[in-house]
Amino acid sequence: MFLAIVVYASAMTAANLSVAAFGPAISPFNAFLFIGLDLVLRDWLHVRLKLWQMGVLIASTGLLTYFLNPATGKIAIASATAFTVAAIVDWAVFSRLKGSWIKRANGSNIAGAAIDSIIFPTLAFGVLMPHIVLLQFAAKVFGGFLWSMIIRDKA
């Protein structure tokens, strides 16, 4: 579990720092690689952690991003906000779905990815960018699916 928490926080922090360094163009790549992983790990951790513990993990990762590079303040706030709202939606969907962990994880990832894809770039860059939102959403869902296939044996 400790490794999953470290990977989750590292992936979120790496995504935030790379957006600060490279701008919105890197968002779809991050969405596929890092956020897809975070969506799946969030489901894996939700089975093992309490909701308040996930909230602390999400908030502390946003703070870590800020402390590593204070210039990322707006991005860290946008990320923490998007992850918190997406985590609540993800958890609500995950806990209501029936079936295998992989079905529940991918079903809830669609809802979480939609929320995160709208909130993050809009708050981080101050404008709704539909092309970035759609690319991020598709990348998060596809990346989450691939990561769920890797992690499913450990669920």
Side-chain angles (χ1 to χ4, degrees), residues 4-97 104-148 151:
I5 290 170
V6 169
V7 170
Y8 177 85
S10 298
M12 188 171 159
T13 302
N16 292 343
L17 292 174
S18 66
V19 168
F22 302 109
I26 197 77
S27 294
F29 173 77
N30 279 344
F32 175 76
L33 182 63
F34 295 125
I35 309 308
L37 174 60
D38 274 356
L39 286 168
V40 173
L41 281 177
R42 182 173 30 217
D43 292 330
W44 191 87
L45 289 166
H46 272 172
V47 174
R48 291 153 179 84
L49 297 176
K50 294 180 174 124
L51 185 58
W52 71 267
Q53 292 171 315
M54 282 302 302
V56 168
L57 178 59
I58 292 164
S60 62
T61 304
L63 288 172
L64 175 62
T65 301
Y66 178 77
F67 289 125
L68 288 174
N69 183 359
T72 65
K74 191 174 181 180
I75 290 170
I77 290 167
S79 178
T81 301
F83 268 110
T84 300
V85 176
I88 292 167
V89 170
D90 181 277
W91 179 251
V93 173
F94 183 85
S95 63
R96 286 177 177 78
L97 286 176
R104 295 169 65 207
N106 283 293
S108 66
N109 288 351
I110 291 170
I115 297 298
D116 189 82
S117 296
I118 293 168
I119 293 174
F120 174 72
T122 304
L123 291 179
F125 305 112
V127 64
L128 180 62
M129 298 180 282
H131 62 288
I132 295 293
V133 170
L134 290 173
L135 285 171
Q136 278 195 12
F137 174 74
K140 288 171 189 173
V141 170
F142 185 61
F145 173 75
L146 291 178
W147 281 113
S148 72
I151 293 174

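Counting from 1, the numbers follow the sequence of the chain as shown.
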With side chains defined as the heavy atoms from C-beta onward, is the minimum distance between [X] and [Y] less than 4.5 Å?
| X | Y | result |
| --- | --- | --- |
| L41 | V7 | yes |
| Y8 | R42 | yes |
| D43 | L39 | no |
| F94 | V47 | yes |

[X] side chain vs [Y] backbone, donor-acceptor pair below 3.5 Å:
| X | Y | value |
| --- | --- | --- |
| S10 | V6 | yes |
| Q53 | K50 | yes |
| S60 | L57 | yes |

Working to the nearest 0.5 angstrom, can you tell me the gap between [X] [atom1] and [Y] [atom2]?
| X | Y | atom1 | atom2 | answer |
| --- | --- | --- | --- | --- |
| F32 | W147 | CZ | CH2 | 8.5 Å |
| I118 | L123 | CD1 | CG | 11.5 Å |
| M54 | I88 | CE | CD1 | 11.0 Å |
| I119 | L128 | CD1 | CG | 11.5 Å |
| N30 | L17 | CG | CG | 10.0 Å |

Parallel, tilted or perpendicular: which fits the ring planes of F125 and F120, with parallel below 30° and perpendicular above 60°?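 The arrangement is perpendicular - the two ring planes meet at more than 60°.
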Applying side chain to side chain contact (heavy atoms under 4.5 Å, CB included) to L45 and I5, what does each step give before you reach the verdict? CA-CA 8 Å; L45 289 166; I5 290 170; 3.9 Å; yes
List the residues meeting salt bridge (Lys or Arg N to Asp or Glu O under 4.0 Å) with D116, not counting sequence neighbours, and say none if there are none.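 Salt bridge (Lys or Arg N to Asp or Glu O under 4.0 Å) list for D116, sorted by chain: K140.
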Taking all heavy atoms of [X] and all of [Y], pick out the closest pair and write down the distance.
| X | Y | value |
| --- | --- | --- |
| A15 | I35 | CB-CD1, 3.9 Å |
| P121 | V133 | CG-CG2, 4.1 Å |
| L135 | P28 | CB-CG, 3.7 Å |
| P24 | M129 | CB-CE, 4.0 Å |
| V93 | S108 | CG1-CA, 3.6 Å |

F137 vs I110, test: side chain to side chain contact (heavy atoms under 4.5 Å, CB included). Steps then yes/no. CA-CA 8 Å; F137 174 74; I110 291 170; 4.0 Å; yes
Could you walk me through whether L33 and L37 satisfy the side chain to side chain contact (heavy atoms under 4.5 Å, CB included) test, starting with their C-alpha distance in whole Å, then the side-chain angles of each, then the deciding distance to 0.1 Å, before giving a yes or no? CA-CA 6 Å; L33 182 63; L37 174 60; over 6 Å; no
Do V19 and S27 pass the side chain to side chain contact (heavy atoms under 4.5 Å, CB included) test, and can you show the C-alpha distance, the side-chain angles, and the key distance before you say yes or no? CA-CA 7 Å; V19 168; S27 294; 4.1 Å; yes
Hey, does the Lys NZ or Arg CZ of R48 hover above the aromatic six-ring of W44, less than 6.0 Å from the centre and inside 45° of the axis?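 The answer is yes, since R48 meets both limits relative to W44.
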Evaluate side chain to side chain donor-acceptor pair (under 3.5 Å) for S148 paired with N109, printing each intermediate quantity in order. CA-CA 10 Å; S148 72; N109 288 351; 5.8 Å; no
